[in-house]
Colleague: 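Pasting a structure here, questions to come.
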Amino acid sequence: MSSHRPVRVAVIGAGPAGIYASDILSRADLDVSIDLIERLPAPFGLVRYGVAPDHPRIKQIITALHKVLERGDIRLICNVDYGVDLKLEDVRRHYDAVVFATGAIKDADLPIPGIELDGSYGAADFVSWYDGHPDVPRTWPLTAREVAVIGAGNVALDVARVLAKHAEDLRPTEVPENVYQGLAASPVTDVHVFARRGPAQAKFSSLELRELGHVPDVDVIVYPEDFEFDEGSNAAIRSSNQTKQVVKTLTDWTLKDPEELTASRRLHLHFLHAPAEVLGEDGKVVGLRTERTVLTGDGTVTGTGQFHDWPVQAVYRAVGYFGSPLVDVPFDDQGGVIANREGRVLDVDGAPVPGVYTTGWIKRGPVGLIGHTKSDAKETIEHLVADAGTLPAATEPDPEAVLDFLRARGARPIHWSGWELLDAYERTLGEAEGRERVKVVPREDMIRVALELAEED
Ligand SMILES: Cc1cc2nc3c(=O)[nH]c(=O)nc-3n(C[C@H](O)[C@H](O)[C@H](O)COP(=O)(O)OP(=O)(O)OC[C@H]3O[C@@H](n4cnc5c(N)ncnc54)[C@H](O)[C@@H]3O)c2cc1C
Ligand SMILES: NC(=O)c1ccc[n+]([C@@H]2O[C@H](COP(=O)([O-])OP(=O)(O)OC[C@H]3O[C@@H](n4cnc5c(N)ncnc54)[C@H](OP(=O)(O)O)[C@@H]3O)[C@@H](O)[C@H]2O)c1
């Protein structure tokens, strides 16, 4: 590769993983020129389209990510979809290396009978709806009075809380108008969360759990018969402060006086109930059948053969996300990740594919907090920098050439200046209502604001 020009790197996906990877690379001891390519008209991935609207403190991470991108040394190219607007051979022509940081947006499967019934939903789809993702339908069927949420992770808690909360309590947040209207019409009274293991095996974090206790006019109800602790549970409580806090909060709730339970909505947390079947009539959900489980000693569970039917009219599975394969990129179908070793992408023989890297959820699977994507990015970028001398050289490295190619393809790239316009526009919409921001949801409206408003002025 010519030593007279910077190493050209494309980072695909402008979620936290892609932004941290770009930032770390830009500070490395290497002359680089970075393009950060994102399929949506807006950056920030799941921080914008996953973190719940009533978690403004976490949404503030966007401020730190914003600071990285506003420096200007990383060129943001939004509204460009890898696999649609450009393929691996196009990327290779324009860049010496590529880092895939495409995250995950889909639900993992839950293979139980009835899961395909009308009224059975994936949590990820619901999250995309309530966070105003541009590529999902604008309406969501919220007609159930009683709802089941399967899973005991933070996504299950987000979904249960958003379902149970009165819409007016979400009003001050950035919740989109169509979502507010949908939630305001919901007749829900009871949301049941089902964990297949015990309280000490719950995956949710203590802060998120305690937050449930402060939701106005929603009572949290737990059931003392669900409180079982085996040796594995005791070891987990001893070794993790997080688990200790979660178990303490849950145990305190078992002591509630039933007379205290006066709210008009209830959020029930059930443990040791594994989902067995979604029950239906005329193609619609009418219940959830769970099997009672017992702990086996090491924190795992086994079924008891005792089943319980819960009358619910909607079921949400929050059993984890699952990554999607990318055109021409080796994929591990079992793990739902790009095949890789420490971020170096591997071919079918297990050999590194020169110049191709990955980071974030699509590298290691859909678990972990935003902060974890930073250490992850560090590992990947260290390898890229170590390989710098042997990268396959781009044949058209001029930064303008890739934009000419994309425009010729009919793509409409949105740069940082376009995002600044959209950001300012959303804040102005919010100001009028005393809110920090009101999100623009339809893709075509986002594009119009980012690309055309400047021209109209
Ligand atoms: C519902 C939910 C709530 C969460 N809440 C919190 C929280 O409160 N606190 C916390 O610390 N963590 C939270 N997390 C975890 C956090 O969101 C993840 O750790 C983090 O977002 C993973 O970063 P990522 O960049 O790998 O993926 P993502 O954030 O998913 O970013 C991937 C980006 O790649 C883009 N992309 C995908 N495919 C393509 C393509 N073909 N071409 C171009 N671009 C593409 C996507 O549009 C997206 O912008 C939450 C996760 C979920 C699911
Ligand atoms: N506020 C926040 O900080 C926040 C908010 C949302 C998400 N996140 C993070 O994002 C990541 C993803 O969260 P997540 O909730 O999607 O995943 P998660 O933490 O892995 O939780 C998944 C849950 O689904 C259960 N599950 C999986 N398969 C099941 C099955 N077949 N039947 C019944 N239950 C099943 C798991 O139970 P087992 O444990 O028994 O397998 C677990 O309780 C996590 O790291 C999370 O902390 C953070």
Side-chain angles (χ1 to χ4, degrees), residues 10-21 36-52 54-55 57-59 61 65 77-86 100-112 115 123-124 126-128 130-131 133-135 149-159 161-162 193-198 201-205 207-209 211 242 271 273-276 290 293 299-301 317-327 329 358-374 376-377:
V11 177
I12 314 275
I19 297 177
Y20 286 134
L36 178 56
I37 297 174
E38 165 61 48
R39 72 152 44 127
L40 297 177
F44 309 126
L46 283 172
V47 190
R48 182 172 158 102
Y49 291 117
V51 171
D54 55 349
H55 281 172
R57 196 181 50 81
I58 301 171
K59 291 265 185 203
I61 293 177
L65 299 175
I77 308 179
C78 287
N79 203 29
V80 168
D81 196 350
Y82 173 85
V84 175
D85 299 313
L86 78 176
F100 288 100
T102 48
I105 191 81
K106 294 213 164 86
D107 290 283
D109 287 340
L110 177 63
I112 58 172
I115 200 74
F126 182 55
V127 167
S128 291
Y130 71 59
D131 254 345
H133 194 289
D135 298 338
V149 177
I150 302 171
N154 281 322
V155 172
L157 288 196
D158 275 350
V159 164
R161 190 183 68 254
V162 170
V193 177
F194 293 98
R196 63 177 166 184
R197 297 194 284 155
Q201 287 77 37
K203 294 261 174 70
F204 34 72
S205 33
L207 195 65
E208 275 61 31
L209 181 66
E211 180 185 357
Q242 188 72 245
F271 295 91
H273 284 279
T290 60
T293 58
T300 58
V301 288
R317 64 178 191 283
V319 295
Y321 278 53
F322 201 78
S324 306
L326 292 155
V327 176
V329 182
T358 183
T359 194
W361 271 19
I362 198 64
K363 167 188 177 185
R364 64 179 153 78
V367 279
L369 300 179
I370 296 162
H372 295 150
T373 58
K374 203 180 229 177
D376 204 29

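Side-chain atoms are counted along with the backbone in the values below, which use heavy atoms only and exclude waters and symmetry mates. Whatever order the structure lists them in is the order used to number ligands and atoms, beginning at 1.
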Colleague: Counting heavy atoms only, which part of A101 comes closer than 4.0 Å to ligand 1: side chain, backbone, both or neither?
Modeller: backbone
Colleague: Which distance, rounded to the nearest 0.5 Å, do you find between the OG1 of T102 and the CD1 of I12?
Modeller: 9.0 Å
Colleague: By number and element, which atoms of ligand 1 are closer than 4.0 Å to a non-hydrogen atom of L40?
Modeller: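 So the answer, numbered in order with elements, is 47 (O).
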Colleague: Keeping N154 on the side-chain end and S205 on the backbone end, is there a donor-acceptor pair under 3.5 Å?
Modeller: yes
Colleague: Please determine whether any non-hydrogen atom of F322 lies less than 4.0 Å from an atom of ligand 2.
Modeller: no
Colleague: Identify the heavy atoms of T358 and K363 that sit nearest to each other, and give their distance.
Modeller: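 Closest approach of T358 to K363: O-CD, 3.4 Å.
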Colleague: What residue and heavy atom of the protein are closest to atom 31 (O) of ligand 1, and at what distance?
Modeller: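 Protein heavy atom at minimum distance: G15 CA, 3.4 Å.
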Colleague: When you measure from the side chain of R317 to the backbone N and O of A108, does any donor-acceptor pair fall under 3.5 Å?
Modeller: yes
Colleague: Does some non-hydrogen atom of A274 fall short of 4.0 Å from ligand 2?
Modeller: no
Colleague: So if I count the atoms of ligand 1 from 1 in the order they appear, which ones are less than 4.0 Å from some heavy atom of G360?
Modeller: 26 (O)
Colleague: For atom 43 (C) of ligand 1, grab the closest protein heavy atom and report residue, atom and distance to one decimal in Å.
Modeller: R39 N, 3.2 Å
Colleague: Please list, in number order, the atoms of ligand 1 under 4.0 Å from a heavy atom of V127.
Modeller: 1 (C)
Colleague: Verify, without hydrogens or angle tests, whether K106 (side chain) and Y321 (backbone) share a donor-acceptor contact under 3.5 angstrom.
Modeller: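 The answer is no, because no donor-acceptor pair under 3.5 Å joins these two groups.
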Colleague: Where is the nearest protein heavy atom to atom 37 (O) of ligand 2: which residue, which atom, and how far?
Modeller: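 Atom 37 (O) of ligand 2 sits closest to the protein heavy atom R196 NE, 3.7 Å.
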Colleague: Which is closest to atom 1 (C) of ligand 1 in terms of heavy atoms, G50, A21, G153, A42?
Modeller: G50
Colleague: Does some non-hydrogen atom of A195 fall short of 4.0 Å from ligand 2?
Modeller: no
Colleague: Using every non-hydrogen atom in the two residues, find where A195 and A152 come nearest and quote the distance to one decimal.
Modeller: CB-CB, 3.5 Å
Colleague: For atom 16 (O) of ligand 2, grab the closest protein heavy atom and report residue, atom and distance to one decimal in Å.
Modeller: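 Residue, atom and distance for the closest contact: V155 CG2, 3.4 Å.
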Colleague: Heavy atoms only, cut-off 4.0 Å: how does T373 contact ligand 1, side chain, backbone, both, or neither?
Modeller: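 For T373, only side-chain atoms sit under 4.0 Å from ligand 1.
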Colleague: Please report which non-hydrogen protein atom sits nearest to atom 17 (O) of ligand 2, along with the residue it belongs to and the distance in Å to one decimal place.
Modeller: G320 CA, 4.2 Å
Colleague: Is it true that a side-chain atom of D81 and a backbone atom of R39 form a donor plus acceptor pair closer than 3.5 Å?
Modeller: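 No, the answer is negative, given that no donor and acceptor are paired below the 3.5 Å cut-off.
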Colleague: Using a 4.0 Å cutoff against the non-hydrogen atoms of V80, which atoms of ligand 1 qualify?
Modeller: 43 (C)
Colleague: Any nitrogen or oxygen of D81 lying under 3.5 Å from a nitrogen or oxygen in ligand 1? Just yes or no.
Modeller: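 Yes, there is a polar N/O contact under 3.5 Å.
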Colleague: Do L207 and R57 have side chains that approach each other closer than 4.5 Å (heavy atoms only, starting at C-beta)?
Modeller: yes
Colleague: Would you say I370 has any N or O atom under 3.5 Å from an N or O of ligand 1, going by distance alone?
Modeller: yes
Colleague: Any nitrogen or oxygen of E38 lying under 3.5 Å from a nitrogen or oxygen in ligand 1? Just yes or no.
Modeller: yes
Colleague: In ligand 1, which numbered atoms sit nearer than 4.0 Å to a non-hydrogen atom of G45?
Modeller: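 Close to G45: 29 (O), 31 (O), 48 (C), 49 (O).
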Colleague: Is the closest protein non-hydrogen atom to atom 5 (N) of ligand 1 under 4.0 Å?
Modeller: yes
Colleague: Report yes or no: does R196 contribute a side-chain atom to a donor-acceptor pair with the main-chain N or O of T293 at less than 3.5 Å?
Modeller: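 Pair absent, no side-chain N/O of R196 close to backbone of T293.
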Colleague: Among all protein heavy atoms in this structure, tell me which lies nearest to atom 12 (C) of ligand 2, with the distance rounded to 0.1 Å.
Modeller: P366 O, 3.5 Å
Colleague: Using a 3.5 Å cut-off on N or O atoms only, is A52 in polar contact with ligand 1?
Modeller: no
Colleague: Out of all atoms in ligand 1, which are within 4.0 Å of some heavy atom of Y321? Include the element for each.
Modeller: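 Near Y321, the atoms of ligand 1 are 1 (C), 53 (C).
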Colleague: What is the nearest protein non-hydrogen atom to atom 1 (N) of ligand 2, stated with its residue, atom name and distance?
Modeller: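 Looking at atom 1 (N) of ligand 2, the protein heavy atom closest to it is E208 OE2, 2.9 Å.
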Colleague: With only distance considered, is W361 within less than 3.5 Å of ligand 1 through an N or O on each side?
Modeller: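 N/O-N/O distance under 3.5 Å: yes.
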Colleague: Looking only at heavy atoms, is any part of L110 under 4.0 Å from ligand 2, and if so is it the side chain, the backbone, or both, or is it neither?
Modeller: side chain
Colleague: Please identify which atoms of ligand 1 are closer than 4.0 Å to at least one heavy atom of I12.
Modeller: 42 (N), 43 (C)
Colleague: For atom 50 (C) of ligand 1, is the nearest protein heavy atom under 4.0 Å away?
Modeller: no
Colleague: Got a sec, which residues hit ring pair (Phe, Tyr, Trp, His ring centres under 6.0 Å) with Y49, two or more places apart in sequence or on another chain?
Modeller: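 Y49 satisfies ring pair (Phe, Tyr, Trp, His ring centres under 6.0 Å) with H133 only.
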Colleague: Under a heavy-atom criterion of less than 4.0 Å, does V47 contact ligand 1?
Modeller: no
Colleague: Using a 4.0 Å heavy-atom threshold (strictly under), name the region of D158 that reaches ligand 1: side chain, backbone, both or neither.
Modeller: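 Within the 4.0 Å criterion, D158 contacts ligand 1 through side-chain atoms alone.
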Colleague: May I ask you to identify, for A318, whether its side chain, its backbone, both or neither come under 4.0 Å of ligand 2 on a heavy-atom basis?
Modeller: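 Near ligand 2, A318 shows its backbone, while the atoms from C-beta on stay back.
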Colleague: Looking only at protein heavy atoms, which one is nearest to atom 24 (P) of ligand 1, and how far off is it?
Modeller: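 Ranking protein heavy atoms by distance from atom 24 (P) of ligand 1, first comes A17 CB, 3.7 Å.
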Colleague: Any heavy atom of I19 closer to ligand 1 than 4.0 angstrom?
Modeller: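 For ligand 1, residue contact (heavy atoms, under 4.0 Å) with I19 is absent.
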Colleague: Which protein non-hydrogen atom lies closest to atom 20 (O) of ligand 2, naming both residue and atom, and how far is it?
Modeller: V367 CG1, 3.7 Å
Colleague: Using a 3.5 Å cut-off on N or O atoms only, is I362 in polar contact with ligand 1?
Modeller: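 It does not: no N or O of I362 is found under 3.5 Å from an N or O of ligand 1.
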Colleague: Please write down residue, atom name and distance for the protein heavy atom closest to atom 20 (C) of ligand 1.
Modeller: P16 CG, 3.7 Å
Colleague: Please write down residue, atom name and distance for the protein heavy atom closest to atom 46 (C) of ligand 2.
Modeller: N154 ND2, 3.8 Å
Colleague: Give me the residue, atom name and distance of the protein heavy atom closest to atom 36 (C) of ligand 2.
Modeller: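 Minimum-distance protein heavy atom for atom 36 (C) of ligand 2 reads K203 NZ, 4.4 Å.
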Colleague: Checking T359 side chain against A17 main chain: does a donor-acceptor pair fall under 3.5 Å?
Modeller: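 Side chain of T359 to backbone of A17: no pair is present.
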Colleague: To which protein heavy atom is atom 39 (C) of ligand 1 closest, and what is the distance rounded to 0.1 Å?
Modeller: T102 CG2, 3.5 Å
Colleague: Run the numbers for me: atoms of ligand 1, each under 4.0 Å from some heavy atom of I58, listed by number.
Modeller: 7 (C), 8 (O), 9 (N)
Colleague: Does any N or O atom in G371 lie less than 3.5 angstrom from one in ligand 1, N or O only?
Modeller: no
Colleague: Check each heavy atom of D158 against ligand 2 and say whether those closer than 4.0 Å belong to the side chain, the backbone, both or neither.
Modeller: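 The answer is the side chain of D158.
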Colleague: Is P275 close to L110 at the side-chain level, that is, under 4.5 Å between some pair of heavy atoms?
Modeller: yes
Colleague: Look at ligand 1 and say whether G83 reaches it with a heavy atom at a distance under 4.0 Å.
Modeller: no
Colleague: Does some side-chain heavy atom of T373 sit less than 4.5 Å from a side-chain heavy atom of R364?
Modeller: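 Yes, their side chains come closer than 4.5 Å.
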Colleague: Is the backbone of Y20 close enough, under 3.5 Å, to the side chain of K374 for a donor and an acceptor to pair up by distance?
Modeller: no
Colleague: For Y82, check ring pair (Phe, Tyr, Trp, His ring centres under 6.0 Å) against everything at least two apart and list the hits.
Modeller: F100
Colleague: When V51 is tested against each of D158, L46, V127, I370 for side chain to side chain contact (heavy atoms under 4.5 Å, CB included), which residue passes?
Modeller: I370
